[in-house]
S.K.: 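Handing you this structure, nothing more for now.
We number each residue from 1, following the sequence as shown.
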Amino acid sequence: MATEFQTPKDREYVDSLVNAARKEAAAFFNLKHTAERADGVIPVKYRELMSVAVALTTQCSYCIESHIKKAAQAGATKEEIGETVFIAAAIRAGGAVGNGLMAMRMFEEESKAGGEDKSGVVY
């Protein structure tokens, strides 16, 4: 049984993972390369700040590490990283509010239906 989770030692398994799903890995790395290219319309620094924001919301520590390094190399400042952190936090919180609106609608619809599942869907 695992005694620790998500550790830098996990990087030792990159080849194992890639070799277990070669076509999927190739497609992933092609997408990653395309999204992170330097010749896009969006400058590299902004691509990296967006990547940092997404990595923060997906909570991928490897992604955070990688994109912070690339953002710094692209000229991002500490202040830009700070703002990125709080923009990502606000958007993530906003997503909860948006989903909360849907949850409220579902609750009210369920309450009007008398608590019966009329959809026929088995859970």
S.K.: Report the C-alpha distance between Glu48 and Lys69 in whole Å, list the side-chain angles of each, state the deciding distance to 0.1 Å, and finish with yes or no for salt bridge (Lys or Arg N to Asp or Glu O under 4.0 Å).
M.R.: CA-CA 9 Å; Glu48 290 305 328; Lys69 180 179 178 180; over 6 Å; no
S.K.: Given the rule in the side chain to side chain contact (heavy atoms under 4.5 Å, CB included) test, do Gln59 and Gln6 qualify, once you have shown the distances and angles that lead to the verdict?
M.R.: CA-CA 11 Å; Gln59 300 177 335; Gln6 201 170 42; over 6 Å; no
S.K.: Is a side-chain N or O of Asn19 found less than 3.5 angstrom from the main chain of Asp15, in a donor-acceptor match?
M.R.: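 Pair found, side chain donor or acceptor close to backbone of Asp15.
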S.K.: Quick one: does Thr84's side chain have a donor or acceptor within less than 3.5 Å of a partner on Glu80's backbone?
M.R.: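 Side chain of Thr84 to backbone of Glu80, a donor-acceptor pair under 3.5 Å: yes, one is there.
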S.K.: Please give me the minimum heavy-atom distance between Ala55 and Cys63, naming the atom from each residue.
M.R.: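 Here Ala55 and Cys63 meet closest at CB-CB, 3.6 Å.
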S.K.: Kindly write out the residues that satisfy side chain to side chain donor-acceptor pair (under 3.5 Å) with Lys9, not counting sequence neighbours, or none if the list is empty.
M.R.: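 Counting only residues at least two positions away or on another chain, Lys9 forms a side chain to side chain donor-acceptor pair (under 3.5 Å) with Glu4.
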S.K.: Once you round to the nearest 0.5 Å, how far does NE2 of His67 lie from SG of Cys60?
M.R.: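 One gets 8.0 Å once the value is rounded to the nearest 0.5 Å.
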S.K.: Starting from Met102 and following side-chain heavy-atom contacts under 4.5 Å between hydrophobic residues (I, L, V, M, F, W, Y), which residues can be reached?
M.R.: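 For the cluster that includes Met102, the remaining residues are Met106.
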S.K.: Look only at the side chain of Asp10 and the backbone of Thr7, and say whether a donor-acceptor pair between them is shorter than 3.5 Å.
M.R.: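 Yes, because the side chain of Asp10 sits within donor-acceptor range (under 3.5 Å) of the backbone of Thr7.
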S.K.: Less than 3.5 Å apart, any donor N or O on the side chain of Glu36 or Ser51 sitting next to an acceptor on the other?
M.R.: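 Not at all, the side chains of Glu36 and Ser51 share no donor-acceptor pair under 3.5 Å.
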S.K.: Enter the distance from Leu56:CG to Ile68:CD1 here, rounded to the nearest 0.5 Å.
M.R.: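 Rounded to the nearest 0.5 Å, the CG-CD1 separation comes to 6.5 Å.
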S.K.: Do you know the tightest heavy-atom contact between Val18 and Ala25?
M.R.: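 Scanning both residues completely, I find the closest heavy atoms to be CG1-CB, 3.9 Å.
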S.K.: Does the side chain of Lys70 come within less than 4.5 Å of Ser66's, by heavy atoms?
M.R.: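 Yes; the side chains approach each other to less than 4.5 Å.
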S.K.: Answer yes or no: is there an ion pair linking Lys112 with Glu108, defined by an N-O contact shorter than 4.0 Å?
M.R.: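 So Lys112 does not pair with Glu108 through a salt bridge.
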S.K.: Enter the distance from Met50:CE to Lys45:NZ here, rounded to the nearest 0.5 Å.
M.R.: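 Rounded to the nearest 0.5 Å, the CE-NZ separation comes out at 12.5 Å.
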S.K.: In Å, rounded to the nearest 0.5 Å, how long is the span from CG of Asn99 to CE of Met104?
M.R.: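 The CG atom of Asn99 sits 13.0 Å away from the CE atom of Met104.
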S.K.: Can you confirm whether Tyr62 is buried at OH, in the sense that more than 12 heavy atoms of other residues, nucleotides or ligands lie under 6.0 Å from that atom?
M.R.: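 Atom OH in Tyr62 is crowded, with more than 12 foreign heavy atoms closer than 6.0 Å.
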S.K.: Should Tyr46 and Ile42 count as side-chain neighbours, where that means a heavy-atom distance under 4.5 Å?
M.R.: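 Of all side-chain heavy-atom pairs linking Ile42 with Tyr46, at least one is under 4.5 Å.
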S.K.: To check you understand the geometry: which heavy-atom pair defines the closest contact between Val52 and Ala71, and what is its length?
M.R.: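 Closest approach of Val52 to Ala71: CG2-CB, 4.5 Å.
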S.K.: Over all heavy atoms of both residues, which pair between Ala76 and Ile81 is shortest? Give the atoms and the distance, please.
M.R.: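 Between these two residues, the closest heavy atoms are CB-CD1, 4.4 Å.
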S.K.: May I ask whether Val85 and Leu49 are part of the same hydrophobic cluster, defined by side-chain heavy atoms of I, L, V, M, F, W, Y residues being less than 4.5 angstrom apart, directly or through others?
M.R.: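 Result: yes, single cluster for both.
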S.K.: With sequence neighbours excluded, tell me which residues meet salt bridge (charged side-chain N to carboxylate O under 4.0 Å, His left out) with Asp39.
M.R.: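 Arg37.
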